[in-house]
Amino acid sequence: MTVLLLTLAGGAIVGLAVGALGGGGGVLAVPVLIYLLGLSPVDAGTASLIIVLATAIVALARHARAGLVSWRTGAVFASAGLIPAIAASALSPYLPRPVLTGAFAVLAVAAAVAMLSPMAAPPAARGSTVLTRHRTSVPVAAGAGLGAVTGLLGVGGGFLTVPTLVTVLSLRMKVAVGTSLLVITITSAAALGTRLLTVGVSLDWPVVAPFIGAAILGAWDGKRLAGRHSGATLQRAFALLLLAIAAFMLVETVT
């Protein structure tokens with residue numbers, strides 16, 4: 001019963017993060033799967049990809065119906081990340097556990113910093129979705145890096161995509177969240193497909209399945225949560241949680 005409650009609680013929090021912030025589900029899911037539910041880092045990464053993909057699809061559908069997705073911008077990000085996601089996903093099973101957990105802790109710190117950084121765009125440009133030539137190189141580079149992170153660690157990378165979409169391309173926060181979900185859906189599907197073909201899946205489905213179900217329900221409510229609180233408030237709370245997770249994982253890695 002305790003394991004089931006932890007699974008449902010973890011899944012709900014992951015889903016809320018994805019639905020409200022356009023990312024962050026994998027950064028939360030992997031530590032929960034490893035330290036609370038006992039999965040190995042590789043299995044946790046695979047399970048996280050399944051969880052993130054399912055929740056992102058649900059959340060994307062809600063944002064798309066509201067017209068809050070910039071499809072062209074998301075396609076540029078996702079296309080740039082496909083090959084890195086596939087390559088990193090094939091490499092991940094061969095890396096030692098301390099390397100994966102240590103890298104994940106560092107990534108969590110980077111995500112927290114990104115969430116705490118000011119993301120105000122020039123008022124005249126806010127809401128623009130035009131990709132000029134000199135601006136396209138930034139989302140392409142960011143998309144490639146995020147694809148690699150997705151494949152290697154089993155996270156969607158939305159926590160870094162959203163700030164880039166807001167600060168570089170001047171998308172409104174709500175549009176950036178919806179567009180990030182499109183990127184997460186595509187890159188997570190590519191990384192998951194690679195893992196299924198290269199190493200297969202041997203997951204504890206009685207644990208993973210309820211987690212996915214709770215995450216999907218959480219993602220469905222995430223958009224309503226975002227409507228009740230400002231993006232800045234949600235980001236600060238999420239960043240503080242990430243810093244706590246990162247500190248715990250770093251301690252576990254070095255001891």
When you group the ILVMFWY residues by side-chain heavy-atom contacts below 4.5 Å and let the links chain together, are [Y] and [X] in the same group?
| X | Y | answer |
| --- | --- | --- |
| L217 | L181 | no |
| L37 | W205 | yes |
| W71 | I186 | yes |

Exercise. Do any N or O atoms from the side chain of T179 and from the backbone of S70 form a donor-acceptor pair under 3.5 angstrom?
Worked result: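 It does hold such a pair.
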
Which atoms form the tightest heavy-atom contact between [X] and [Y], and what is the distance?
| X | Y | result |
| --- | --- | --- |
| V52 | S188 | CG1-OG, 3.7 Å |
| A215 | I51 | CB-CG2, 3.9 Å |
| I34 | P41 | CD1-CA, 3.9 Å |

Approximate separation, where rounding is to 0.5 Å, of [X] [atom1] and [Y] [atom2]:
| X | Y | atom1 | atom2 | answer |
| --- | --- | --- | --- | --- |
| F77 | L182 | CZ | CG | 11.0 Å |
| D43 | S48 | CG | OG | 12.0 Å |
| L196 | T46 | CG | OG1 | 7.5 Å |

Residues two or more places apart in sequence or in another chain: which of them pass side chain to side chain contact (heavy atoms under 4.5 Å, CB included) with [X]?
| X | answer |
| --- | --- |
| P206 | D204 |
| A12 | none |
| T185 | L53, A56, I57, L60 |
| A209 | none |

For this session: Run the numbers on L68 and R172 for side-chain contact (heavy atoms from CB on, under 4.5 Å), then give the verdict.
Result: CA-CA 9 Å; L68 298 176; R172 293 181 296 113; 4.0 Å; yes

Do [X] and [Y] come close enough that some side-chain heavy atom pair is under 4.5 Å?
| X | Y | value |
| --- | --- | --- |
| V69 | V175 | no |
| I50 | I212 | yes |
| L8 | F211 | no |

Would you list the atom pairs, donor with acceptor, under 3.5 Å between side chains in residues 81-92 and any protein atom, with sequence neighbours excluded?
| unit_1 | atom_1 | unit_2 | atom_2 | d |
| --- | --- | --- | --- | --- |
| S89 | OG | A191 | O | 2.9 |
| S89 | OG | R195 | NE | 3.4 |
| S92 | OG | L152 | O | 2.9 |
| S92 | OG | R195 | NH2 | 3.3 |

